[in-house]
*Asks:* 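Before I ask anything, here is the structure I am working with.
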Amino acid sequence: MAVVRVSGAAADQVLAAVAPALEIGRAPPREARLSAIHDPSTGDLVDRALVTRFPGPASYTGEDVVEISCHGGWLVPALVVEACVVAGARQAERGEFSRRAYLNGKLDLVQVEAVADLIDARSRALHRASLIQLDRGLSERIAALRERLIRTEALLAHHLDFPEEDDAPVPLTEVVSEADDVLAKIDGLLRTAPEGALLREGAVVVLAGAPNAGKSSLYNALVGEDRAMVTEVPGTTRDALESTVELGGFPFRLVDTAGLRDSEERLEMMGIEVARRALARADLVLYCTEKMAVGAEFDRLRSEINVPMVIVHTKRDLRGAGAPGVWAEEVAGYVDVAGYVEVSTVTGHGLGDLQDRLPRAVFSGLIETGGEVPVVTRRRQVRALEAAREAVEMFRRELEGGVPADLAATHLRPAESALEELLGVVSVDDVLDVLFADFCIGK
């Protein structure tokens with residue numbers, strides 16, 4: 001099935017032209033009706049479809065909307081769109097339906113971004129975070145911060161307008177405390193931003209280690225298919241393979257790399273260089289080894305990167321079922337190591353434990369909150385919050401430092417403006433153009 005949507009003041013006119021047998025005046029709103037769809041220019045039958053009317057403002061865009069649920073595939077939806085164009089409609093631009101919803105006050109910009117994230121979601125965690133944003137979870141927190149700044153500005157104005165009163169309506173120390181609370185709440189939102197960005201992009205997990213350490217076998221096991229070539233010959237992997245997977249409901253981009261060692265062989269050296277570039281953009285490293293000690297290469301790697309590492313002792317099946325756990329004391333000494341797991345891609349031993357450990361190593365903040373706290377997911381949101389924070393911090397510092405209240409208060413308005421721009425209370429055309437450029441045509 002496909003859905004063709006028409007929005008605008010002439011939506012019913014377009015519907016009347018393509019579905020002449022449907023008595024629009026008797027078609028109840030939001031009730032699907034079966035109707036023949038014709039090409040107005042020829043009268044030829046295009047399809048039989050379910051037609052639903054959504055009179056504005058009770059529609060997605062806030063305008064009159066018609067939805068035609070026709071048969072799917074390539075040709076039938078294209079013919080229905082063509083019939084609507086003949087009837088006077090035009091094809092929508094990217095994101096135009098959501099843009100109209102924003103312009104008509106049905107969505108704010110944070111909700112619009114949530115729509116885009118919901119469409120692009122490749123994990124249940126981003127799906128859940130997007131629904132919270134779409135339900136105004138983040139918008140309400142930002143709006144509440146803006147209201148507190150406006151209230152603080154009003155209290156300061158009252159304080160300045162009545163200087164002759166013995167007791168000012170609000171002591172300046174209380175205003176400073178209010179600013180501190182606003183800063184704390186902004187900081188709380190900003191703390192979600194790193195994990196929020198990884199929700200959208202996927203956390204990069206690089207499998208590293210010496211040649212023939214079982215990296216490619218582990219990569220295939222985590223991906224769920226044989227993507228990487230596996231042989232007993234060390235140095236088989238010469239390039240970096242990348243796959244996106246969902247583990248524990250969170251998105252990960254797994255990268256299999258060439259084995260790390262000193263080599264004079266030109267192709268292998270190129271593969272090792274690719275591996276090091278992959279490690280430079282990693283959010284988490286799985287250090288794979290089949291030996292009973294991590295070795296100098298592991299210590300060198302730890303000194304070069306600044307991300308969590310999980311030591312993965314591969315080929316657990318070769319040691320026998322009764323073999324004791326390895327490196328209990330040694331691993332405990334690595335305070336920056338996110339864990340140690342023994343696995344076997346032959347028997348499946350430890351794979352479940354590793355899959356459970358990866359989300360905890362990267363998305364611990366979201367896991368602790370149960371995914372119910374609004375998350376900052378976009379760089380635009382981060383910039384606006386940082387701008388608001390900087391202005392409030394300047395206001396607080398000057399007020400506490402003895403600067404006259406009327407001068408210090410000039411920093412509150414930029415803070416409010418930053419939050420207003422974040423929500424889209426103040427429309428900025430170039431921001432809208434960038435934002436909606438990533439949308440699909442149907443939204």
*Asks:* If you count the non-hydrogen atoms of other residues, nucleotides and ligands that lie under 6.0 Å from CZ in R48, is the total more than 12?
*Replies:*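 Not buried by this count: 12 neighbours or fewer within 6.0 Å.
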*Asks:* Which is it for L190 and V376 under the side chain to side chain contact (heavy atoms under 4.5 Å, CB included) test, yes or no, and what are the steps along the way?
*Replies:* CA-CA 7 Å; L190 287 172; V376 175; 5.7 Å; no
*Asks:* With a 4.5 Å cut-off on side-chain heavy atoms, are V65 and E67 touching?
*Replies:*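 The answer is yes, as the side chains (C-beta and beyond) meet within the 4.5 Å cut-off.
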*Asks:* The test is side chain to side chain contact (heavy atoms under 4.5 Å, CB included); show your working for H127 and R122 and say whether it passes.
*Replies:* CA-CA 8 Å; H127 173 262; R122 291 178 291 178; over 6 Å; no
*Asks:* Examine distances only and state if a side-chain atom of S98 and a backbone atom of G95 form a donor-acceptor pair shorter than 3.5 Å.
*Replies:* no
*Asks:* Just checking, is any N or O donor in the side chain of D117 or T377 under 3.5 Å from an acceptor N or O on the other one?
*Replies:*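 Side-chain D/A pair, D117 to T377: present.
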*Asks:* Quick one: CZ on R389 to CG on L189, what's the gap to the nearest 0.5 Å?
*Replies:* 12.0 Å
*Asks:* Take atom CD of E390 as the centre, draw a 6.0 Å sphere, and report whether it contains more than 12 heavy atoms from other residues, nucleotides or ligands.
*Replies:*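 No, not enclosed.
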*Asks:* Salt bridge (charged side-chain N to carboxylate O under 4.0 Å, His left out) between R151 and E153: does it pass, once the steps are laid out?
*Replies:* CA-CA 5 Å; R151 177 176 175 273; E153 195 172 21; over 6 Å; no
*Asks:* Strictly distance-based, threshold 3.5 Å: is any side-chain N or O of T369 a donor or acceptor partner for the main-chain N or O of L366?
*Replies:* yes
*Asks:* Do the side chains of L207 and V255 get nearer than 4.5 Å, heavy atoms only?
*Replies:* no
*Asks:* Atom CG in L351, atom CD in E342: separation rounded to 0.5 Å?
*Replies:*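 Output value for this atom pair is 12.5 Å.
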*Asks:* Would you call Q381 and Q133 a side-chain contact if the rule is heavy atoms closer than 4.5 Å?
*Replies:* yes
*Asks:* Is it true that E93 and R99 have a side-chain N and a carboxylate O under 4.0 angstrom from each other?
*Replies:*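 Result for this pair is no, no salt bridge flagged.
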*Asks:* Scan side-chain atoms only and decide if E246 and S123 contain a donor-acceptor pair under the 3.5 Å cut-off.
*Replies:* no
*Asks:* Looking at F97, does the NZ or CZ of R5 lie under 6.0 angstrom from its six-membered ring centre and within 45 degrees of the ring axis?
*Replies:*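 That pair qualifies as a cation-pi contact.
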*Asks:* Assess, by modelled atom type and distance only, whether the side chains of S7 and Y60 contain a donor and an acceptor separated by less than 3.5 Å.
*Replies:*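 No, no side-chain donor-acceptor pair sits under 3.5 Å.
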*Asks:* Name every donor-acceptor pair, under 3.5 Å, that has one atom in a side chain of residues 134-144 and the other anywhere in the protein, sequence neighbours excluded.
*Replies:*
residue: R136; atom: NH1; partner: D108; partner atom: OD2; Å: 2.6
residue: S139; atom: OG; partner: D108; partner atom: OD1; Å: 3.2
residue: S139; atom: OG; partner: D108; partner atom: OD2; Å: 2.8

*Asks:* Pairing donors with acceptors under 3.5 angstrom, does anything connect the side chains of E398 and H411?
*Replies:* yes
*Asks:* List the atom of V307, the atom of A282, and the distance in Å for their closest heavy-atom pair.
*Replies:*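 The pair with the smallest heavy-atom distance is CG1-O, 3.1 Å.
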*Asks:* Mind checking side chain to side chain donor-acceptor pair (under 3.5 Å) for R148 and listing every partner two or more places apart, or none if nothing turns up?
*Replies:* E178, D181
*Asks:* Between V206 and T257, does the side chain to side chain contact (heavy atoms under 4.5 Å, CB included) criterion hold? Intermediate values first, please.
*Replies:* CA-CA 7 Å; V206 176; T257 61; 3.7 Å; yes
*Asks:* Got a donor-acceptor contact below 3.5 angstrom from the S243 side chain to the L254 backbone?
*Replies:*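 Flag not set: sc S243 to bb L254 has no pair under 3.5 Å.
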*Asks:* Evaluate the side-chain proximity of E372 to I132: yes if any heavy-atom separation is below 4.5 Å, no if none is.
*Replies:*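 They are in contact (side-chain heavy atoms under 4.5 Å apart), so the answer is yes.
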*Asks:* Just how far is it from atom CG of L79 to atom CD1 of I37, taken to the nearest 0.5 Å?
*Replies:*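 Here the rounded value is 12.0 Å.
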*Asks:* Roughly how far, to the nearest 0.5 Å, is CD of E420 from CG of L109?
*Replies:*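 Taking CG in L109 and CD in E420, the distance rounds to 12.5 Å.
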*Asks:* Kindly say whether L218 contributes a backbone atom to a donor-acceptor pair with the side chain of T345 at under 3.5 angstrom?
*Replies:*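 Here the side-chain-to-backbone pair does not exist.
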*Asks:* So, the side chain of K106 versus the backbone of P57: is there a donor-acceptor pair under 3.5 Å, distance only?
*Replies:* yes
*Asks:* Drop me the distance from Q13's CD to D64's CG, to the nearest 0.5 angstrom.
*Replies:*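 One gets 10.0 Å once the value is rounded to the nearest 0.5 Å.
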*Asks:* Looking at D47 and H71, would you say the former's side chain and the latter's main chain have a donor-acceptor pair under 3.5 Å?
*Replies:*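 Such a contact is found between D47 side chain and H71 backbone.
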*Asks:* Salt-bridged, E96 to R94, with N to O below 4.0 Å?
*Replies:* no
*Asks:* Looking only at heavy atoms, what is the nearest atom pair of L419 and A388, with distance?
*Replies:* CD2-CB, 3.9 Å
*Asks:* Quick one: do R379 and E386 make a salt bridge, cutoff under 4.0 Å?
*Replies:* yes
*Asks:* Minimum heavy-atom separation for A208 to K215, with atom names?
*Replies:* C-CD, 3.4 Å
*Asks:* Indicate yes or no for a side-chain donor-acceptor contact from R281 to the backbone of R277 under 3.5 Å, with no hydrogens or angles considered.
*Replies:* no
*Asks:* Minimum heavy-atom separation for P55 to R30, with atom names?
*Replies:* CD-NH1, 4.1 Å
*Asks:* Any side-chain heavy atom of M309 sitting closer than 4.5 Å to one from L286?
*Replies:*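 No, every pair of side-chain atoms sits at 4.5 Å or beyond.
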*Asks:* For D353, is there an ion pair with R357 - N to carboxylate O distance below 4.0 angstrom?
*Replies:*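 Between D353 and R357 there is a salt bridge, with a charged N closer than 4.0 Å to a carboxylate O.
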*Asks:* How would you list all residue pairs meeting ring pair (Phe, Tyr, Trp, His ring centres under 6.0 Å) that involve residues 360-410, not counting sequence neighbours?
*Replies:*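 For residues 360-410, and leaving out neighbouring residues, the ring pair (Phe, Tyr, Trp, His ring centres under 6.0 Å) pairs sorted by first residue read F250-F363, F252-F363.
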*Asks:* I want to check something: taking the side chain as every heavy atom from C-beta on, are I186 and L145 in contact at a cut-off of under 4.5 Å?
*Replies:*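 Yes, their side chains come closer than 4.5 Å.
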*Asks:* Backbone N or O of T61 within a donor-acceptor pair of the N104 side chain at under 3.5 Å?
*Replies:*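 The answer is yes, because a donor-acceptor pair under 3.5 Å joins these two groups.
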*Asks:* Where is the tightest heavy-atom contact between M1 and S69, given as atom of each residue plus distance?
*Replies:*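 Smallest heavy-atom distance, with atoms named: SD-CB, 3.8 Å.
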*Asks:* A side-chain contact here means heavy atoms from C-beta on lying under 4.5 Å apart; do V182 and L149 qualify?
*Replies:* yes
*Asks:* Contact between R33 and L50 at the side-chain level, heavy atoms closer than 4.5 Å - yes or no?
*Replies:*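 Not in contact.
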*Asks:* Could you go through the side chain to side chain contact (heavy atoms under 4.5 Å, CB included) check for I24 and R53 one step at a time?
*Replies:* CA-CA 9 Å; I24 296 178; R53 297 173 58 248; 3.5 Å; yes
*Asks:* What's the spacing between D256 CG and N220 CG if we round to 0.5 Å?
*Replies:* 7.5 Å
*Asks:* Grab the two heavy atoms, one from V382 and one from A193, that are nearest each other, plus how far apart they are.
*Replies:*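 Smallest heavy-atom distance, with atoms named: CG2-CB, 3.6 Å.
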*Asks:* Looking at V14, V4, D12, which hits side-chain contact (heavy atoms from CB on, under 4.5 Å) with V66?
*Replies:* D12
*Asks:* Taking the basic N atoms (NZ, or NE/NH1/NH2) and the acidic carboxylate oxygens, is any pair closer than 4.0 Å for E416 and R413?
*Replies:*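 Looking at R413 together with E416, the answer is yes, because their closest N to O distance falls below 4.0 Å.
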*Asks:* Taking the basic N atoms (NZ, or NE/NH1/NH2) and the acidic carboxylate oxygens, is any pair closer than 4.0 Å for D283 and R253?
*Replies:*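 No salt bridge links D283 with R253.
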